[in-house]
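These figures come from a predicted structure and were not determined experimentally. For ligands, and for the atoms within them, numbers begin at 1 and follow the listed sequence.
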Amino acid sequence: TAAIRLADYRPADFAIDSVELDFSLHPTKTRVSARLALRRNPAGDSSAPLVLDGDELMLLGVKLDGRTLGPGEYEATPDRFTLTNVPDAPFTLEIDTELNPSGNTQLSGLYRSGSAYCTQCEAEGFRRITYFLDRPDVLSVYTTRIEAEKSDAPILLSNGNPVEHGDVAGSNRHYALWRDPFPKPSYLFALVGGDLGVVRDEFTTMSGRVVELAIYVEHGKESRAAYAMDALKRSMRWDEEKFGREYDLDVFNIVAVSDFNMGAMENKGLNIFNDKYVLASPDTATDGDYAGIEGVIAHEYFHNWTGNRITCRDWFQLCLKEGLTVFRDQEFSADMRSRAVERIGDVRGLRLAQFPEDAGPLAHPVRPDVYQEINNFYTSTVYEKGAEIIRMLRTLIGEDNFRRGMDLYFERFDGTAATIEDFLSCFAASSGRDLTHFALWYSQAGTPVVTTSGEYDSAAQTFALKLSQQTPPTPGQSDKKPVVIPLALALFGENGQKLDLVSEDAAPTELARGLIELDSAERVIRFREIPSRPVVSLLRGFSAPVRLEQAPASEDLERLLACDDDPFNRWQASQSLALRAIFGRLETGALDARGLSEALRLLLAKAEDDPALVAQALSLPSDIDLAREKGRDVDPDQLFEARMALRAEIGRSLGSELDAIHARFSAAGAFTPDAASAGRRALRNVTLDLLAAGDAEKGRSLATAQFETAGNMTDKLAALATLALLGGHAREEAFAKFYAQYAGDALVIDKWFSLQAMIPEAATTQRVLGLMTHREFSMSNPNRVRALIGAFANGNLTRFHALDGSGYDLLTAVVLEVDPKNPQVSARLLSALRSWRTMESRRRDLIEARLKHIVAQENLSADLRDIATRALG
Ligand code: B3K
Ligand code: ZN
């Protein structure tokens with residue numbers, strides 16, 4: 001297939017003002033009749049034929065202005081409909097197609113999850129329902145009629161507001177009619193039909209309108225939707241308060257399904273969710289699950305303005321809605337929970353997924369300029385780095401200008417399909433700042449490396465801080481330019497006091513705000529009136545998505561850990577100390593963890609102040625963090641060994657403190673999912689992990705007791721994870737009990753599969769192969785595949801990268817098996833290999849051979865071929 005390029009964008013030749021859809025649902029023979037009101041687009045080519053997109057469609061018939069067209073009057077293949085003789089005046093085209101939802105294993109278009117019918121149209125699924133101009137800049141008003149057997153599908157939903165419903169005379173069928181008054185692109189279309197349970201509530205908007213809210217779930221799971229409903233109402237209120245954005249329809253519906261390719265989908269007025277991001281109860285969901293639900297519910301709701309009311313002109317602009325909406329959901333979670341802990345979690349996520357992507361063969365700009373398969377660009381670069389760009393923008397222009405820029409954006413572009421340039425123009429206007437240079441963040445891929453060094457002159461009482469930046473080359477972009485990097489900075493004096501920033505080398509606003517703008521390759525700032533050698537706290541709050549190369553003395557890190565008033569950098573200091581200990585061990589064979597231990601001991605003494613933050617400091621870097629920091633010639637076995645040695649050492653040296661915390665923070669009273677309670681559980685569980693690392697026997701007995709008595713899934717799963725690492729009979733018994741207790745509860749059984757896949761032992765590969773034949777395993781449920789195979793490939797570095805190639809063989813076999821059924825899932829699984837060039841040479845050779853084997857297959861999906869080819873490229 002040919003590459004699609006941003007530079008080739010042209011407006012559509014036709015406009016579709018309205019769409020009337022009529023669905024007659026049937027498991028294998030669903031009839032769709034689409035009535036499109038078409039006219040030539042004045043901005044398009046006035047002599048072009050009408051070419052509509054399709055994908056595996058079966059055409060039954062076409063009418064033009066009411067007249068049935070003969071076979072010679074148009075051309076139709078499963079993936080294209082062409083009409084050459086186009087009337088000059090606006091005209092109506094009626095297209096009838098037949099679909100097989102039960103046979104749709106790609107989960108794109110109209111498909112079935114369990115016995116329900118549902119749709120997923122982003123990015124290009126609508127063309128699997130009917131022939132259409134399936135591109136985001138074609139906005140239409142939709143009316144949808146759905147008809148089905150009453151007993152099969154008592155619930156019939158689509159976008160917009162309900163208009164009417166009733167029985168179909170002389171049959172067991174009924175219908176519902178929906179109308180969405182807001183013009184929208186086809187990717188936001190949705191339909192659901194099925195026999196579902198429902199939870200209802202309502203929300204009164206800031207202007208006093210009452211909105212009916214409903215969350216549809218599998219019968220019997222209604223009580224598990226309460227938290228999602230609460231999160232929805234909080235999201236609606238927050239968007240009014242923080243952005244002045246009010247909801248605009250009479251109803252807002254959410255449907256949870258168990259077969260879904262990603263997290264959720266923001267269809268107008270009818271969000272469809274992976275049930276993983278809806279269903280929660282203390283017994284079945286961890287604190288992490290609750291936080292995920294809150295974040296994703298908010299994210300999809302916030303899309304109503306950033307994505308739906310203002311959509312993207314083309315898919316290159318995907319970050320226009322995704323980066324912005326991730327930024328909004330991160331801010332929401334920060335306001336609902338602890339801002340500092342939220343920031344640490346977001347940065348951990350960015351470094352875990354986006355940094356490796358940006359450093360490997362799949363690197364691409366936040367706004368790509370070419371793609372083969374758009375589904376492969378729903379990446380952490382577009383989403384998470386996209387959100388970081390918005391955050392930097394706000395940091396640079398300030399809160400007020402940012403808010404006024406957002407208001408301007410809604411004012412100018414509501415109801416349109418916009419671009420990044422449109423978006424940035426609003427902030428240039430609100431702040432009076434030229435954002436041309438800043439915009440480079442959108443088009444230049446790769447993670448900038450900021451290098452710093454400082455020189456203190458005690459005679460002159462000056463401190464010269466030298467900053468430089470450099471971005472490594474990425475595929476297709478060998479020469480990088482300096483970008484605009486906001487560096488939040490503070491200097492601390494001998495007694496931990498913050499020093500005034502005095503310098504002639506920085507603008508007064510930079511000094512007053514403690515925000516240095518590095519927009520050239522190099523910059524030196526000489527600070528005056530510095531009484532003693534200062535400790536530098538740089539990139540505070542992670543003010544830019546860059547890697548920092550600095551070599552502070554360990555004492556400086558220990559001081560920051562004790563005195564920095566930026567909680568993010570306090571946490572960063574703990575991580576830097578841990579990395580230093582681990583890499584020191586790798587270089588010298590000796591482990592020096594004294595500094596880190598002592599610093600953590602001080603933190604533990606004040607654990608009550610902020611348990612969640614202390615828990616983050618105690619969570620040592622993962623194997624993936626280590627592999628990323630190493631960057632080349634990665635040998636996962638060595639990294640793992642050094643990491644385990646550090647854990648054991650911390651566990652031993654802090655044994656009594658950890659013991660005390662584990663006992664003191666034990667769960668009392670009923671479970672509540674709030675952030676403060678979650679923080680206490682997080683601290684308790686990270687102490688359990690370290691205790692077990694320091695003393696296996698003790699760990700086993702504590703974990704077994706916790707496993708037996710846990711009153712919630714967070715504590716239960718943490719105990720099981722600890723037992724999983726410790727091994728032996730206790731582990732196998734716990735896994736068996738866990739399974740017996742939760743068999744059939746899919747979301748919990750996913751956790752059971754994942755934990756086993758992540759056991760860092762030689763026998764795990766066999767265990768995973770065995771689990772693939774388990775009766776609860778299924779290659780056609782994406783959550784299950786990700787739970788077992790995804791966890792193995794992404795969360796078990798030593799086994800996945802086993803030197804005999806068994807891990808790679810396992811992944812290759814699964815990817816090739818899944819691909820014909822569900823290309824989005826196979827392509828996503830294969831991206832586990834995105835950092836393969838950083839491995840040491842034996843593993844690199846093994847992976848390269850597997851990638852070549854995949855590329856040599858004949859019938860690969862476009863999705864998988866794209867990933868495999870670029871990975872090799
Ligand atoms: N917009 C959807 C993602 C669609 C992915 C299509 N392959 C979910 C979200 O970001 O909110
Ligand atoms: Zn989104």
Side-chain angles (χ1 to χ4, degrees), residues 55 104 106-109 111 118-128 134-136 159 184-190 228 231-232 235 239 254-257 259-278 292-312 314-333 346 349 353 366 368 371-387 390 417 782 786 822-829 831 861-864 866-867:
D55 183 5
N104 182 355
Q106 294 186 26
L107 314 189
S108 161
Y111 68 94
C118 64
T119 54
Q120 171 55 38
C121 292
E122 188 178 0
E124 298 179 335
F126 192 71
R127 63 184 65 180
R128 295 170 57 75
D134 194 12
R135 44 187 286 170
N159 314 93
K184 65 165 174 287
S186 51
Y187 81 86
L188 290 173
F189 170 79
L232 173 61
S235 306
D239 214 13
I254 291 177
V255 179
V257 299
D259 302 277
F260 209 66
N261 280 344
M262 63 282 166
M265 179 64 211
E266 69 263 23
N267 318 299
K268 182 80 188 191
L270 176 55
N271 289 359
I272 301 183
F273 270 63
N274 185 328
D275 59 4
K276 176 179 162 64
Y277 291 110
V278 173
I293 290 169
E294 180 173 80
V296 179
I297 290 272
H299 179 98
E300 306 311 331
Y301 174 72
F302 296 156
H303 266 316
N304 191 55
W305 276 94
T306 50
N308 300 4
R309 296 275 299 236
I310 305 179
T311 191
C312 304
D314 52 70
W315 291 123
F316 296 101
Q317 321 292 330
L318 183 57
C319 62
L320 177 73
K321 72 179 179 80
E322 296 305 347
L324 179 55
T325 306
V326 170
F327 170 77
R328 274 150 56 71
D329 85 56
Q330 290 177 345
E331 284 299 292
F332 169 73
S333 294
D346 291 339
V366 168
Y371 64 77
Q372 295 274 347
E373 176 49 66
I374 187 58
N375 282 323
N376 289 337
F377 283 83
Y378 288 76
T379 58
S380 57
T381 295
V382 170
Y383 276 62
E384 274 77 34
K385 188 176 179 181
I390 311 275
R786 286 186 286 253
N822 192 330
Q824 287 188 48
V825 170
S826 61
R828 193 51 73 110
L829 276 181
S831 10
S861 68
D863 307 55
L864 184 60
D866 172 42
I867 295 286

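Interface atoms of ligand 1 facing K321, defined by a heavy-atom separation under 4.0 Å, are 1 (N). Which parts of ligand 1 touch M262 is read off a 4.0 Å heavy-atom cut-off, strictly below it: atoms 3 (C), 4 (C), 5 (C). Near Q824, meaning under 4.0 Å from any of its heavy atoms, are these atoms of ligand 1: 7 (N). Contact atoms of ligand 1 toward M265: 1 (N), 2 (C) (distance under 4.0 Å to a heavy atom of the residue). Counting atoms of ligand 1 from 1 in the listed order, those under 4.0 Å from a heavy atom of E266 are 1 (N), 2 (C), 8 (C), 9 (C), 11 (O). Which parts of ligand 1 touch H303 is read off a 4.0 Å heavy-atom cut-off, strictly below it: atoms 9 (C), 10 (O), 11 (O).
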Inset, instruction - Dump the intermediate steps for side-chain contact (heavy atoms from CB on, under 4.5 Å) on T311 and Y187, then the final yes or no. - result: CA-CA 10 Å; T311 191; Y187 81 86; 2.8 Å; yes
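In this structure the side chain of R328 reaches within 4.5 angstrom of the side chain of D239, judged on heavy atoms. Looking only at side-chain heavy atoms (C-beta outward), Y371 and F316 come within less than 4.5 Å of each other. In this structure, V255 and C118 have side chains that are not in contact, with every pair of non-hydrogen atoms separated by 4.5 Å or more. Using a 4.5 Å heavy-atom cutoff, the side chains of Q120 and M262 are in contact. Under the 4.5 Å side-chain criterion, counting only non-hydrogen atoms from C-beta, V825 is not in contact with R828.
Between the side chains of Y378 and E122, at least one donor N or O lies within less than 3.5 Å of an accepting N or O.
Atom NZ of K276 has 12 or fewer heavy atoms from other residues, nucleotides or ligands within 6.0 Å.
Checking only distances, Y383 does come within under 3.5 Å of ligand 1, N or O to N or O. Looking at ligand 1, you won't find any N or O of Y378 less than 3.5 Å from one of its N or O atoms.
Atom 8 (C) of ligand 1 has its closest protein heavy atom at A264 O, 2.9 Å. When hydrogens are left out, the protein atom nearest atom 1 (N) of ligand 1 is E122 OE1, 2.6 Å; that is the closest non-hydrogen contact. Scanning all protein heavy atoms for the shortest distance to atom 7 (N) of ligand 1 gives N375 OD1, 3.1 Å.
When distances to the Zn ion (ligand 2) are checked against a cut-off of 2.8 Å, E266 contributes no N, O or S atom below that limit.
The minimum distance between the Zn ion (ligand 2) and any N, O or S atom of E322 involves atom OE1.
For the pair D55 and R128, the salt-bridge criterion is met [side-chain N within less than 4.0 Å of a carboxylate O].
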